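It should be emphasised that the depicted structure is a prediction, and the values quoted were computed from it without experimental measurement.
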Amino acid sequence: QVQLVESGGGLVQPGGSLRLSCAASGSIFSINAMGWYRQAPGKQRELVAVKTSGGNTNYADSVKGRFTISRDNAKNTVYLQMNSLKPEDTAVYYCNANLQSEAGDYGMDYWGKGTLVTVSS
């Protein structure tokens, strides 16, 4: 089995910072990419940031310059440092990993259960 567990969400005031963490565990053969998506109230799920095994990154335009994604490959962990938070960043943030499991699948997406980030004064 493969499991992704997020942590770090919570309530923060506008302009504040949070760091999200996501650890992947289980029968993992290799990880192609890890990233973060979010689902805001009344909106579609959107990509926030993703980092591939080769080190390439991609950010949503709305978070460029404020959010930073990083990975600790040895720990199968991805982080999202969120600075200068705005009320419009309020959403459930989901960790995503595209990986090959030891069961033989490859290029499969796995998702965490999500962690709520609320930006409000």
What is the distance from atom OG of Ser30 to atom CG of Asn73, rounded to the nearest 0.5 Å? 11.5 Å
I want to check something: taking the side chain as every heavy atom from C-beta on, are Tyr79 and Thr68 in contact at a cut-off of under 4.5 Å? no
Please report the interatomic distance CG(Asn96) to CG(Leu4), rounded to the nearest 0.5 Å. 7.5 Å
Are the side chains of Ile31 and Arg71 in touch, meaning some heavy atoms are under 4.5 Å apart? yes
If two hydrophobic side chains count as joined below 4.5 Å and joins carry through other members, does Leu47 share a cluster with Leu85? no
Under a 4.5 Å cut-off applied to non-hydrogen side-chain atoms, are Leu20 and Glu6 in contact? no
Between Leu99 and Val2 the two heavy atoms that sit nearest each other are CD2-CG1, 3.9 Å
Do Ser53 and Asn32 meet the criterion of a side-chain donor-acceptor pair at a distance under 3.5 Å? no
Would you call Arg38 and Val63 a side-chain contact if the rule is heavy atoms closer than 4.5 Å? yes
What distance separates Leu18 CG from Gln81 CD, expressed to the nearest 0.5 Å? 8.5 Å
At what distance, to the nearest 0.5 angstrom, does SG of Cys22 lie from CD of Gln3? 10.0 Å
Are the side chains of Asp89 and Val117 in contact, using a 4.5 Å heavy-atom criterion? no
Taking side chain as C-beta onward, heavy atoms only, is Val12 less than 4.5 Å from Ser17? no
For the residue pair Ala91 and Leu116, what are the closest heavy atoms and their distance? O-CD1, 3.6 Å
With a 4.5 Å cut-off on side-chain heavy atoms, are Ser120 and Thr90 touching? no
Taking the side chain as every heavy atom from C-beta outward, state whether Tyr37 and Val50 have any atom pair closer than 4.5 Å. no
Keeping Tyr59 on the side-chain end and Ile69 on the backbone end, is there a donor-acceptor pair under 3.5 Å? yes
Drop me the distance from Lys51's NZ to Asn56's CG, to the nearest 0.5 angstrom. 8.0 Å
Among all residues two or more places apart in sequence or in another chain, which pass the side-chain contact (heavy atoms from CB on, under 4.5 Å) test with Glu88? Lys86
Using the ring of each side chain (for Trp, its six-membered ring), is Trp111 parallel, tilted or perpendicular to Tyr94, with breaks at 30° and 60°? perpendicular
Which heavy-atom pair separates Ser21 from Trp36 by the least distance, and what is that distance? O-CH2, 3.6 Å
In terms of heavy-atom contacts, Met34 and Ala24 come closest through CE-CB, 4.2 Å
Distance from Ile28 atom CD1 to Asn76 atom CG, nearest 0.5 Å? 4.5 Å
